[in-house]
> 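Have a look at this one.
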Amino acid sequence: MIETKNIENIENDNTNIDYFKIEIDEGLSAIEKSLPSKYFYDKKGDALFVKIMHLPEYYVTRAEHEIFKTKSQTIIDALQLNTDIYFELIELGAGDGLKTKELLRELNRLKYNFDYIPIDISQNALDNLEKDLNKEMPSLPIKTKQGEYFEILESLNNNHKPKVILFLGSNIGNMSDDVAANFMSKISDNLQKKDKLLLGVDLIKPASIVLPAYNDSQGITAAFNLNLLERINIELGANFDLQYFEHRPEYKESDGIAKSFLVSTKAQKVYITLINKSFDFYEGEKILMEISRKYNDTILNMILSKTNFVVKNRVTDSKAYFANYVLER
Ligand code: AVI
């Protein structure tokens, strides 16, 4: 599984066909049609997302990587870590560790006393990461945990050891603000006072930068969105004709939310066998596929006001495209 998948993606990766059916039916039956972006990530979706992360237009991954590459020491200072005090460094989502490696290398070099605990639903992703890290940093203490985030956080919370949680890649941005607040509250419920969360978020910036990131010239992001229709065709026996759906993202800097739509380019009917139902589309009708929320201090603080976290610090890249916030319980 890949690095920047959000919590819902990870927790649903072992897609339960009944939930999948129910959620697709609900989304397509609504007056304003939508589909859950957590279902983007099947095998093909994973591969497309890896491509997205390397696209010239998709600045998000590069900006956060720059922070970790050039400001690991600033992050360590902001986390108020102490070489004498043991802590657990817990990452939500295993991924390929590209960014985390920069931090791990620095913590290891400076002889901090910690265990790195990546959590992921995919044992395969964890095995790959462990193999890779063992090769590159043989002395790094890595304890992989396979399972769902909150179950594992709860079990770890019982040991009362100081904790730093990593939730990177602006994965939080694929949640609505209410869902994000709920998600953060659940994290904080499984932490002790003074524990930290390092949260990576994409910052609000002009449409001239954000829109191309979701509408790349090679059409990879379009394929990423259309792949969910293909997935529904394959897994639920649907007959979406992909040539009559067009990827059309929208973003207004004043809203700070990039929205990806697939637009029906003609009036059409789609039948989904396993739901045993037809869905009508009028010409120009949109399906909301994904939101990618962008943040500033005000928006983040509004979300945090519903949780037990407060902002202690923030580190940005040289263009101030992306921020890693240090939050404290
Ligand atoms: C995973 N997530 C933070 C990505 C984003 O930027 O919202 C998913 C993505 N969708 C299209 N491009 C990338």
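Counting starts at 1 for both ligands and their atoms, in listed order.
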> What do you reckon, does S170 put a non-hydrogen atom under 4.0 Å from ligand 1?
yes
> Have a look at ligand 1 and work out which part of D202, if any, has a heavy atom under 4.0 Å from it: side chain, backbone, both or neither.
neither
> Answer with side chain, backbone, both or neither: which part of Y59 has a heavy atom less than 4.0 angstrom from an atom of ligand 1?
neither
> Would you mind running through ligand 1 and noting each atom that sits below 4.0 Å from a heavy atom of N174?
1 (C), 2 (N), 3 (C), 4 (C), 5 (C), 7 (O)
> Check for me whether the distance between the ring centres of F20 and Y39 falls short of 6.0 Å.
yes
> For N171, take its heavy atoms, then give the atoms of ligand 1 lying under 4.0 Å from any of them.
1 (C), 3 (C)
> Near G169, which atoms of ligand 1 are under 4.0 Å from a heavy atom of that residue?
3 (C)
> Taking the six-membered ring of F68, is NZ or CZ of R105 closer than 6.0 Å to its centre and within 45° of its axis?
no
> Any donor-acceptor pair under 3.5 Å linking the side-chain atoms of Y271 with those of N276?
yes
> I want to check something: taking the side chain as every heavy atom from C-beta on, are H160 and Q192 in contact at a cut-off of under 4.5 Å?
yes
> Between F49 and ligand 1, find which residue part has any heavy-atom pair under 4.0 Å and reply side chain, backbone, both or neither.
side chain
> Do the side-chain N and O atoms of N174 and E290 include a donor-acceptor pair separated by under 3.5 angstrom?
yes
> Is it true that the NZ or CZ of K163 lies under 6.0 Å from the centre of F87's six-membered ring and within 45 degrees of the ring axis?
no
> Under 4.0 Å between a side-chain nitrogen and a carboxylate oxygen: does that hold for D132 and K101?
yes
> With atoms numbered from 1 as shown, which atoms in ligand 1 lie under 4.0 angstrom from a non-hydrogen atom of Y41?
1 (C), 8 (C)
> Would you mind running through ligand 1 and noting each atom that sits below 4.0 Å from a heavy atom of Y58?
4 (C), 5 (C), 6 (O), 12 (N), 13 (C)
> Using a strict 4.0 Å cut-off to heavy atoms of I52, name the atoms of ligand 1 that fall inside it.
12 (N), 13 (C)
